[in-house]
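Structure record follows, encoded as structure tokens.
All heavy atoms count here, side chains included; hydrogens, waters and symmetry mates do not.
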Amino acid sequence: MTTDFLSHLNPSQRQAVEHFCGPLLVIAGAGSGKTRALTYRIANLVLEHHVDPENILAVTFTNKAAKEMKERIERLFAEREAARSHDKPLEALPGHVQTKLRSQVYKTITKDLWIGTFHALCCRILRFDIEKFQDERGRKWTRAFSIFDESDAQSLVKDIIINQLNLDEKKFDPRSVRYAISNAKNKGLSPQEYEKEQPNFRGRVISNVYSVYQDKLAENNAIDFDDLILIPVQLFRQNEQIRAYWHKRFRHILVDEYQDTNRTQYDLIQLLVTNGESASKFEDWNYRSVFVVGDADQSIYSFRMADFTILMGFQHDFGDGLPDDDTRTMVKLQENYRSTENILQLANELIENNTERIDKILKPTRGRGESTFCYRAQDEIDEAEFVIQQMRRLEQMNADLHWGKFAILYRTNAQSRAFEDILVRWGVPYKIVGGLRFYDRKEIKDVLAYLRAIVNPADTLSLLRVINTPRRGVGKSTIESLQKASIELGIPLWEIISDETSVKTLAGRSAKGVSAFAAIIEKHREMLDSVSASEIVQGVLEESGYVRDLKAQGTDEAEDRFQNVQELYNAVLQYEEENEDDKSLVGFLANASLASDLDDTPEEATNVSLMTLHSSKGLEFPIVFLVGLEQGLFPSYRSLDDPAAIEEERRLCYVGITRAQERLFISHARERRLYGNREPASPSLFLAEMPRELMDTNTATSLPSKWTKSLAKGGSQTRTAAPVGAEPSDDLDWSVGDRVMHAQFGVGEITNVFGSGAKATLAIRFDGLPGMKRKILPISDRALQSID
DNA sequence: CACAACACGTTTTTT
DNA sequence: ACGTGTTGTG
């Protein structure tokens, strides 16, 4: 039986899955079946090595990935169980038997596996142990802690800068200060340590804001997303018993998307694995493993402190550090099951231009496929028109294609506009993936604030958010006098609000409203231990008057909000169904704070997907349009002067290309509307790095006949390309195809011209440089001369 | 205390 | 261009 299920794997996958104890780094290329490796490995640990599911910890970065992993493991076990007890494949069994098998698998195996995001897992640990923690300044929290989201954190920092420390908002922009604090936390630095690292005025001030920020969090019995990881790390460092408990518990640790870990997350994993010993000295690998899966080439989140050098350092930290061919602690999954050979070759060649990476190529397992088509558009409207014509043409030509199989990927959200307009015009159904999140909506945050205030009396921020929502006649001045009393007496705001006499003396005419509000919170707080989450939510929605108020407004917008509140109630019900053992409001709130979004509705699977390249990671589509490949847009202008940033943009491009299964279209425009005005645009550096022979284009550098032929069927909407002579060559000394001589690099040919005028840059392929490598040089480079 | 005019910034985003 | 957040007025 066991051998049978391992036969679904290729040799390297099998090597990864069968690895039992010790460290292992799995370099998993795009589309190489890494989720398969992860899930089969967990199954193998349980079935073959009889590991207790309780001893397995699997960490992911998104809830979606965690959910998918859980489902696939459950199915794996259910399939095996079906074959064993019924001698049939799972799908061949009647529905109720399948359900029974699944619930049996859940009860005996998957329920005890810890599979989740770093944040969800740490949240679980903290619900056990946070009361045993005290930070370096003696701050403490209780298990009823609130989790402040990014906007809560933002407004807290802003309040500190303006009201507490009276700093100049211009000099200390709350957003960048908040970013600095978050970065400090992600590196595991306390305010004091941060100050040591930034020994200047700005560093001192930020350290101060950071310290007051932590005071405020503690006052509110709240922590932010960064603390969710950082506090367990600090707790494990200061408390040997707690550390030893979790170290003993999680004997087999798996980490997905390891290239996305930051320093603190790495520290957490290391503490759990080695029980605090240094990683390279740790030797007690009996019945213990750490198994990390990642791909440095898909690291696209350094702007939020992800550090792919952690992945590159795994061999040194935990592994044997031997060369790739001899090592027993690294496996590369390079067979790609997703894309055609043409697409893979393009991706491989592009990423070769990066210097910081682990050598790896994606090996094709499918046919050669069709060439990638690169379209040069006049502007963003023309680009959108090209995309829709191609989609319409392909959809008509192929019976098995429907709109759900197309994706349009762009660098910035603003680019979606032109595509949305045209999709609406042609009546093509589409969905925007990502974008505004459900739990970020005002009405949802309002309701959650009620719930948080009920669970956590110290959560003053939430209390203030809804004390006058809906209107209860509690105005700014009333709130101010209540807050002032709270500060002067040194007691939480809730103590004031819930005390009738205090309210009467402080709130004057508003006293009635304040007391009514306090009564609602109090009443539901008393119900916490005896009543399920949904009942409390229902009670709050009715008695707070929130729903009544929305309905009274009678606008379309209010109706929308009401629908969303209804959705939230549904989410509570769904939570209760999925968490039979913990139907509490506390459980739901943790879940809601850490959830990015509600699940897609299934009908949307038939829509064209529009999303940023970042959102596309982990997804795949038969047909992909990679749009806006223009210098300054993609790569972004913020990365142009930083080689490391350019490499990250290149990885982003690599991610985009490797989303495509069958066909890839790339496009760029000659001019584009940006912040209201038209701006000229030049082709992206990445286009110059893509091999010509793998692409068809509508530009004169390749055969135009090919292009006209392939578009002819699509109708007359597409414009003809301007002849190449119309390049802005009149104000340039150089144009594509010119032979040049460079003092340092020798003879070469110009392959691309970026920008125009004095600040233009040239891409030159020098004959003397190995591997068709190009150099990007400023047009002002004196060492460059023309040769004919 | 509410609404309207105005200034501002604008890569990517999960938890 | 456009949405957000802050200021000013009735």
Side-chain angles (χ1 to χ4, degrees), chain A residues 59-66 116-124 147-155 158 162 169-170 173-176 179 182 185-186 223-230 256-257 260-262 264-265 299-306 380 409-418 421 433-440 442 468 471-480 509-510 590-597 611-618 628 630 632-640 642 645-646 648-649 651-653 655-656 672-679:
Chain A
V59 196
T60 62
F61 273 83
T62 65
N63 291 304
K64 199 175 150 201
T117 62
F118 269 104
H119 295 84
L121 298 164
C122 286
C123 186
R124 244 174 116 176
I147 299 167
F148 277 5
D149 67 21
E150 203 38 56
S151 67
D152 295 326
Q154 196 76 244
S155 41
K158 193 170 170 185
I162 296 170
E169 211 185 331
K170 297 275 177 319
D173 168 37
R175 276 188 45 208
S176 69
Y179 189 67
S182 182
K185 287 186 176 187
N186 284 324
I223 63 178
D224 63 22
F225 285 130
D226 305 320
D227 291 327
L228 226 27
I229 320 287
L230 186 55
D256 192 14
E257 306 282 15
D260 287 339
T261 45
N262 62 37
T264 319
Q265 288 161 342
S299 162
I300 56 174
Y301 284 114
S302 73
F303 68 92
R304 60 184 207 220
M305 286 291 101
E380 76 280 359
L409 310 182
Y410 37 77
R411 177 69 241 265
T412 69
N413 289 116
Q415 286 168 261
S416 72
R417 214 223 170 96
D421 285 351
V433 179
L436 72 161
R437 298 206 312 269
F438 182 75
Y439 286 98
D440 279 345
K442 183 188 175 296
N468 196 35
R471 306 260 127 83
R472 293 187 181 87
V474 183
K476 212 166 157 185
S477 54
T478 307
I479 292 172
E480 248 166 43
R509 270 181 301 148
S510 306
N591 195 273
S593 312
L594 300 176
S596 55
D597 222 330
M611 70 190 92
T612 62
L613 286 152
H614 283 92
S615 306
S616 77
K617 192 166 133 203
E630 291 141 43
L633 181 63
F634 187 28
S636 157
Y637 67 98
R638 325 252 321 207
S639 62
L640 290 179
D642 177 357
I646 286 283
E648 176 141 326
E649 297 278 318
R651 292 193 290 270
L652 197 52
C653 189
V655 166
R672 180 177 295 275
R673 195 168 268 263
L674 191 67
Y675 309 140
N677 4 312
R678 304 218 136 269
E679 300 273 353

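- Here the P atom of nucleotide B/dT12 and the NE2 atom of A/His614 are 9 Å apart, to the nearest Å.
- Contact annotation: A/Ser615 side-chain N/O to B/dT13 OP1/OP2 distance is under 4.0 Å.
- For the pair A/Glu257 and A/Thr60, the minimum side-chain heavy-atom distance is 4.5 Å or more.
- With distances taken from any side-chain atom of A/His119 to the nucleotides B/dT11, C/dC2, B/dT15, the minimum falls on B/dT15.
- Taking the side chain as every heavy atom from C-beta outward, A/Asp227 and A/Phe148 never approach each other to under 4.5 Å.
- Nearest-nucleotide assignment on DNA chain B puts the 5′-proximal partner with A/Asn413, out of A/Asn413 and A/Thr117.
- Checking C/dA1, B/dT13, B/dT11 against every side-chain atom of A/Phe303, the shortest atom distance belongs to B/dT13.
- Going from atom CZ of A/Phe118 over to atom C1' of B/dT14 covers 13 Å, rounded to whole Å.
- One can place CD of A/Glu480 at 14 Å from C1' of B/dC1, the figure rounded to the nearest angstrom.
- Between A/Asp149 and A/Arg437 there is no salt bridge, since no side-chain N of the basic residue sits under 4.0 Å from a carboxylate O of the acidic one.
- One finds no side-chain N or O of A/Arg417 lying less than 4.0 angstrom from the OP1 or OP2 phosphate oxygen of C/dA1.
- For B/dT15, neither phosphate oxygen OP1 nor OP2 lies less than 4.0 angstrom from any side-chain nitrogen or oxygen of A/Ser593.
- Side-chain proximity of A/Ser636 to B/dT15, B/dT11, B/dC1: nearest is B/dT11.
- Interatomic distance, A/Tyr179 OH to A/Asp173 CG, rounded to the nearest 0.5 Å: 13.0 Å.
- In this structure, of B/dT15, C/dA1, B/dT13, it is B/dT13 that holds the atom nearest to the side chain of A/Tyr301.
- Residue A/Ile300 contributes atom CD1, which lies 17 Å from atom P of B/dT11 at whole-angstrom precision.
- Between the CZ atom of A/Phe61 and the C1' atom of B/dT12 there is a distance of 16 Å, given to the nearest Å.
- The side chain of A/Asn63 approaches B/dT15 more closely than any other nucleotide in the set B/dT11, B/dT15, B/dA2.
- The CZ-P distance, from A/Arg175 to B/dT13, rounds to 14 Å in whole Å.
- When each of A/Val474 and A/Arg304 is assigned the nucleotide of DNA chain B bearing its nearest heavy atom, the one mapping closer to the 5' terminus is A/Val474.
- Among the protein residues, A/Arg651 comes within range of no part of the nucleic acid, since none of its heavy atoms lies under 4.0 Å from any strand.
- Taking 4.5 Å as the limit, some side-chain heavy atom of A/Leu633 sits within range of a side-chain heavy atom of A/Gln415.
- Considering only side-chain atoms of A/Tyr675, the nucleotide from B/dT12, B/dT15, C/dA1 that sits closest is C/dA1.
- Between the P atom of B/dT12 and the CG atom of A/Leu409 lies a distance of 14 Å, rounded to the nearest Å.
- Nucleic acid contact for A/Phe634: none, since no nucleic acid atom lies under 4.0 Å from a heavy atom of the residue.
- Between A/Arg411 atom CZ and B/dT10 atom P the separation is 14 Å, expressed in whole Å.
- Within the 4.5 Å cutoff, the side chain of A/Arg678 has heavy atoms near those of the A/Glu380 side chain.
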